[in-house]
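What follows is a single structure, written as structure tokens, with notes after it.
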Amino acid sequence: MRPPGLRDVAAQAGVSVKTVSNVVNGTGRVTAATRARVEAAVAALGYRPNVAARNLRRGRTEVITLALPDLTAPYFAELADAMIRVAEPRSLTVLIDQTQGTLERELRTFHGELLQQSDGLVFSPLAMSAEELARRTDGVPLVLLGEHVPSGLHDRVVVDNRAAAALATRHLIGLGRRSIAAIGPQPRGSHPTSQLRLDSFRQTLAEHGMSVEPTMLAPVERFHRADGAHAMNRLLSQQPRPDAVFCFNDLLALGAIRAAHDHGLRVPEDIAVIGFDGIEEGAFSTPTLSTITLDKRQIAEAALALLASRLEAPERPARTVTVDHRLAVRASTGGPSADAFA
């Protein structure tokens, strides 16, 4: 026995096939009474639309690809979760590709066959240069996460890293700390986000009549907990020791807090620590972690809105959307711990 089709629903509801199509696909104008009649017929007959055929007619797959560097990093895992949650009510499936932040893997994602299965790519690159990102070999809509290419080339969702880093630095200055270190600098040009945060850190200190000694900058290879711990160990092995540390992400900050504890120091009494990203883990650490919190759901919503707009208007100018950030003051800089469980 064949499954019910549009004609069967139309006959059951006493309307035209076109009206049934409008109700099922959410197109056209249909009165509330007619819509209710069609929906009742759909339920009674057990009609299921042929999604594959519909997408084929529209030239869409209803699938997007999300390419992230490292899903073991809580920030990217939380971002992936936000993207899936935002995509679901839009009837979109999210394919996730982990690039490991290497040039080879990023190029494979950027030009690979996976994109032929997708309506668009949301991409957070680390290794690719602006020149490489500017070269496209296909017309698949692209949204970049981060400041890796100048505005005007591709749609982008960005954080105002300068403003956010300044907010974190001013918070430490406002605590009365005068020997402030930074964990997270990387070789110039290798990580635009790190450079923006470092430049803003330096500028904010200068605006308050403070300078940055080279010994107070602790570079890292990666933004992981162990790198933060090793960097803090180096800072604490010198004199003078810092009395506050701005870490360029939360994982570095969590590693730094552990190292301070191992040195017999109290956080924040002896040394204050602030991170960046607002991962959930920081709200449950001991002490709870002060951080710059990024709205990951807003990032996901902005990226999908840019993709949808690009699909509808492929020739429109590229847009940049800047998402919100806020300062979350917790125990690691003398704030309350209770808000972690709110």
| said: Looking at Glu88, I want to see if its CD is surrounded by more than 12 non-hydrogen atoms of other residues, nucleotides or ligands under 6.0 Å. | reply: no
CG of Leu79 to CZ of Arg297, rounded to nearest 0.5 Å, is 12.5 Å
Practice item. Identify whether the distance between the nearest side-chain nitrogen and carboxylate oxygen of Glu315 and Arg310 falls below 4.0 Å. Key: no
Item checked: Minimum side-chain heavy-atom gap Ile292-Leu167 below 4.5 Å -> yes
Note: Val140 and Leu121 closest approach over all heavy atoms is CG1-N, 4.2 Å
| request: Please step through side-chain hydrogen bond (donor to acceptor under 3.5 Å, both in side chains) for the pair Ser16 and Thr19, ending with a clear verdict. | output: CA-CA 5 Å; Ser16 69; Thr19 298; 2.9 Å; yes
Would you say Phe76 and Leu254 are hydrophobically clustered, going by side-chain heavy atoms of ILVMFWY under 4.5 Å? yes
Q) Given side chains that start at C-beta, do those of Val158 and Asp160 come closer than 4.5 Å, heavy atoms only? A) no
Between Asp8 (side chain) and Pro4 (backbone), is there a donor-acceptor pair under 3.5 Å? no
Taking every heavy atom of Val273 against every heavy atom of Ser332, the minimum-distance pair comes out as O-OG, 2.6 Å
Donor on one side chain, acceptor on other, Ser118 and Thr65, under 3.5 Å
yes
In short, Leu217 meets Phe201 closest at the heavy-atom pair CD2-CE2, 4.0 Å
Where do Gln195 and Asp199 land on the side-chain hydrogen bond (donor to acceptor under 3.5 Å, both in side chains) test, with the steps shown first?
CA-CA 6 Å; Gln195 191 62 48; Asp199 290 346; 2.9 Å; yes
Taking atom CD of Glu221 as the centre, report whether more than 12 heavy atoms of other residues, nucleotides or ligands fall under 6.0 Å from it. no
Here the gap from His154 atom NE2 to Arg319 atom CZ, rounded to the nearest 0.5 Å, amounts to 16.0 Å
Donor-acceptor contacts, no H, no angles, side chain residues 171-183, under 3.5 Å, sequence neighbours left out:
residue: His171; atom: NE2; partner: Thr333; partner atom: OG1; Å: 2.8
residue: Arg177; atom: NH1; partner: Asp243; partner atom: O; Å: 2.7
residue: Arg177; atom: NH1; partner: Pro268; partner atom: O; Å: 3.2
residue: Arg177; atom: NH2; partner: Pro268; partner atom: O; Å: 2.9
residue: Arg178; atom: NH1; partner: Ile173; partner atom: O; Å: 3.3
residue: Ser179; atom: OG; partner: Arg241; partner atom: O; Å: 3.4

Q: Measure the acute angle between the ring planes of Phe276 and Phe246, then classify it against the limits of 30° and 60° as parallel, tilted or perpendicular.
A: tilted
Just so I know, are the side chains of Ile271 and Pro242 near enough to count as touching, which here means a heavy-atom distance under 4.5 Å? yes
So Tyr75 and Glu281, do their side chains get closer than 4.5 Å, heavy atoms only?
no
Heavy-atom donor-acceptor pair, Arg197 side chain to Phe248 backbone, under 3.5 Å: yes
**Asked** Do the side chains of Leu294 and Leu252 join up, straight or via other hydrophobic residues, at under 4.5 Å, putting them in one cluster?
**Response** yes
_Strictly distance-based, threshold 3.5 Å: is any side-chain N or O of Lys296 a donor or acceptor partner for the main-chain N or O of Gly278?_
yes
Check: Within a reach of under 6.0 Å around CD of Glu269, are more than 12 heavy atoms found that belong to other residues, nucleotides or ligands?
Finding: yes
Partner of Ile279 under side-chain contact (heavy atoms from CB on, under 4.5 Å), picked from Asn249, Asp250, Thr291, is Asp250
Atom pairs and distances, side-chain donor-acceptor, residues 228-236, under 3.5 Å, sequence neighbours left out:
residue: Asn233; atom: OD1; partner: His263; partner atom: NE2; Å: 3.0
residue: Asn233; atom: ND2; partner: Ala229; partner atom: O; Å: 3.3
residue: Arg234; atom: NH2; partner: Pro219; partner atom: O; Å: 2.7

Open item on the list: Main chain of Arg162, side chain of Ser200: is a donor-acceptor contact present, judged purely on distance under 3.5 Å?
Closed with: yes
(Q) Within the supplied structure, the quantity of interest is the number of heavy atoms (other residues, nucleotides, ligands) at a distance under 6.0 Å from Arg90 CZ; does it exceed 12? (A) yes
Margin query: Side chains of His325 and Asn161: any donor to acceptor distance under 3.5 Å?
Written below: no
Check: Backbone N or O of Pro125 within a donor-acceptor pair of the Glu106 side chain at under 3.5 Å?
Finding: no
task = Compare all side-chain heavy atoms of Gln98 with those of Pro69 and state whether any distance is below 4.5 angstrom.
result = no
**Prompt:** Is the backbone of Ala331 close enough, under 3.5 Å, to the side chain of Thr288 for a donor and an acceptor to pair up by distance?
**Reply:** yes
With hydrophobic residues grouped by side-chain heavy-atom distances under 4.5 Å, do Met216 and Ile257 end up in a single group?
no
- prompt: Considering residues, nucleotides and ligands other than Glu280, do more than 12 of their heavy atoms fall under 6.0 Å from its CD?
  reply: no
Rounded to the nearest 0.5 angstrom, the CD1-OG1 distance for Ile84 and Thr93 is 10.0 Å
Short side-chain donor-acceptor distance under 3.5 Å, Ser211 and Arg202: no
The reported gap from OG1 in Thr286 to CZ in Arg258 (rounded to nearest 0.5 angstrom) is 11.5 Å
Of all heavy-atom pairs linking Ala260 and Val267, the shortest is CB-CG2, 3.9 Å
Less than 4.5 Å apart, side chain to side chain, heavy atoms only: is that true for Val15 and Val38? yes
Checklist entry - Judged by atom type as modelled, is there a donor-acceptor pair below 3.5 Å linking the side chain of Arg37 to the main-chain atoms of Ala13? => result yes
Check: Does Arg222 pair with Asp227 as a salt bridge, N-O distance under 4.0 Å?
Finding: yes
Within-4.5 Å side-chain heavy-atom neighbours: Leu92 and Val63:
no
Audit row: Thr109, Asp97, side-chain hydrogen bond (donor to acceptor under 3.5 Å, both in side chains) steps and yes/no
CA-CA 8 Å; Thr109 294; Asp97 187 18; 2.4 Å; yes
Answer yes or no: is there a donor N or O on one side and an acceptor on the other, between the side chain of Gln298 and the main chain of Asp295, under 3.5 Å? no
Closest non-hydrogen contact found for Val220 with Gly184 is CG2-CA, 3.7 Å
Under 3.5 Å, is there a donor-acceptor pair between the Thr204 and Arg170 side chains? no
Tightest non-hydrogen contact, residues Ser124 and Leu68, listed as CB-CD2, 3.9 Å
Quiz item: Under 4.5 Å between any side-chain heavy atoms of Ile64 and Leu304, yes or no?
Solution: yes
*asked:* Evaluate Arg156 against Thr320 for side-chain hydrogen bond (donor to acceptor under 3.5 Å, both in side chains), listing each step before the verdict.
replied: CA-CA 5 Å; Arg156 304 186 305 168; Thr320 296; 3.2 Å; yes
To the nearest 0.5 Å, atom OG1 of Thr99 lies from atom CE of Met128 at 10.0 Å
Set out, in order, the CA-CA distance, both residues' side-chain angles and the distance that settles side-chain contact (heavy atoms from CB on, under 4.5 Å) for Leu142 and Asp155, then state yes or no. CA-CA 7 Å; Leu142 168 69; Asp155 290 327; over 6 Å; no
With side-chain contact (heavy atoms from CB on, under 4.5 Å) as the criterion, how do Phe223 and Cys247 come out once you've worked through the C-alpha distance, each side chain's angles and the decisive distance to 0.1 Å? CA-CA 9 Å; Phe223 277 22; Cys247 298; over 6 Å; no
Rounded to the nearest 0.5 angstrom, the CD-OG distance for Glu62 and Ser91 is 7.0 Å
- [ ] Ignoring hydrogens and angles, tell me if any N or O in the side chain of Arg330 forms a donor-acceptor pair with the backbone of Leu289 under 3.5 Å.
- [x] yes
